[in-house]
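The figures here come from the full heavy-atom set of this structure, side chains too, leaving out hydrogens, waters and symmetry mates. Order of appearance sets the numbers: ligands from 1, and atoms from 1 within every ligand.
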Amino acid sequence: MTLKEAMFYTKEGQKTNCFLCPQNCSIPPGGKGICGVRENIDGTLYTLNYARVSAFNLDPIEKKPLYHFFPGKWIVSVGSFGCNLKCSFCQNYSIAHQVPDTVLLPPEELIDKALSSRDNIGIAYTYNEPSIWYEYVLDTARIAHQKGLRNVLVTNGYISEEPLKRLLPFIDAMNIDVKAFGGDFYSRVCKGRLESVVRTVERAVRNCHVEITTLVVEGLNDDSGELEEMGRWLGGMNKNIPLHLSRYYPAYKMNRPATSVQVLMEAKGLMKKYLNHVYIGNVPGVDNSTYCPHCGQKLIERNMYRVTRLLASDECSRCGSKVDIILD
Ligand code: SF4
């Protein structure tokens with residue numbers, strides 16, 4: 001096991017108080033935090049997942065999902081284990097809430113692999129929650145940036161302000177889960193608080209490229225009033241923030257039926273009142289191409305995770321409007 005002393009905690013005698021994320025765990029000797037990856041050993045808090053990699057792939061950037069950040073490119077994607085939320089519908093529970101097999105991959109080795117992967121634009125910290133992999137992500141992201149790689153976080157946004165501020169200068173893009181726009185859903189289904197995620201999104205939007213994902217669970221977080229409130233909030237920051245409405249399938253502790261495509265399409269219709277780019281995830285065959293918000297010209301054509309046609313510059317070829325998409 002790789003042990004590294006954790007950042008962002010205080011000591012109170014033998015007890016440790018972790019403030020990496022808003023769970024603010026108070027951890028007695030021999031105990032672990034809610035995330036399961038920070039342990040108090042004799043009065044010192046250690047991270048248990050430093051450099052422990054459970055999954056390594058070269059993925060299309062569209063799979064993160066990021067649709068407006070280097071569309072059509074590839075990104076080395078790594079994950080570890082643990083999570084600081086407890087969503088009963090977790091779609092990645094085998095690494096979020098169990099300890100999978102891992103390999104040791106120190107930052108320099110991961111960066112070497114990323115640099116030698118063809119057509120790769122950088123490193124995505126994904127699969128499980130990267131904010132509780134903090135020390136490794138920070139160490140890696142810092143060097144990766146020096147070497148010209150981009151860093152991407154695919155995150156639940158449940159991180160405290162100070163660690164987020166420290167990490168953001170090395171982060172180029174984030175896909176942040178906003179699991180619902182009701183505090184009750186967060187506390188009941190995810191064991192977290194919406195306000196903390198809202199704060200993360202608002203700070204991230206000021207610092208890097210941001211896309212949002214909401215896994216729509218029919219009957220739980222598809223209330224039209226809540227969705228519209230979320231749309232107004234996101235659109236108020238920037239109408240060009242891409243929103244991915246992803247289809248829920250039964251997983252982990254939740255066995256409600258999969259969300260119907262009709263519910264997803266209705267949610268998309270609502271959100272389009274506030275946002276220029278709303279996509280449907282986890283549904284083969286839907287149109288997820290990108291259109292110019294001014295004239296409707298197709299800018300990027302996608303077939304699932306594959307880009308089949310890409311705009312040539314950051315201007316619409318028909319009306320000449322500037323397009324808010326980061327290209328190579
Ligand atoms: S990172 Fe883990 S130990 Fe620290 S506050 Fe969050 S859940 Fe608790």
Quiz prompt | Arg302 vs Thr290, side chain to side chain donor-acceptor pair (under 3.5 Å): CA-CA, chis, key distance, verdict | solution = CA-CA 8 Å; Arg302 296 185 187 83; Thr290 299; 2.8 Å; yes
Practice problem: Inspect the contact between Asp119 and Lys73 and indicate whether a charged nitrogen and a carboxylate oxygen are less than 4.0 angstrom apart. | Solution: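 No, Lys73 and Asp119 are not salt-bridged.
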Quiz item: Below 4.0 angstrom, N of the basic side chain to O of the carboxylate: do Arg256 and Glu218 qualify?
Solution: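 Judged by the 4.0 Å cut-off on N to carboxylate O distance, Arg256 and Glu218 do not form a salt bridge.
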Quiz item: Taking the six-membered ring for Trp, are His97 and Tyr252 parallel (under 30°), tilted (30 to 60°) or perpendicular (over 60°)?
Solution: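 Parallel.
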Using a strict cut-off of 4.0 Å, indicate which atoms of ligand 1 neighbour a heavy atom of [X].
X: Ile132; value: 1 (S)
X: Cys18; value: 1 (S), 3 (S), 4 (Fe), 5 (S)
X: Asn24; value: 5 (S)
X: Gly33; value: 3 (S)

[atom] - nearest protein heavy atom and its distance:
atom: atom 7 (S) of ligand 1; answer: Cys35 N, 3.4 Å
atom: atom 6 (Fe) of ligand 1; answer: Cys21 SG, 2.3 Å
atom: atom 1 (S) of ligand 1; answer: Arg38 CD, 3.5 Å

Practice problem: Verify the distance test for Cys25 against atom 2 (Fe) of ligand 1: any N/O/S atom under 2.8 Å, yes or no. | Solution: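 No - counting backbone and side chain alike, Cys25 has no N, O or S atom under 2.8 Å.
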Practice problem: Please say which of Leu310, Ile300, Asp314 ends up in a side chain to side chain contact (heavy atoms under 4.5 Å, CB included) with Ile325. | Solution: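 The option that passes is Ile300.
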Quiz item: Hey, what do you get for NZ (Lys239) to CG (Leu234), rounding to the nearest 0.5 Å?
Solution: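 With rounding to 0.5 Å, NZ (Lys239) is 11.5 Å from CG (Leu234).
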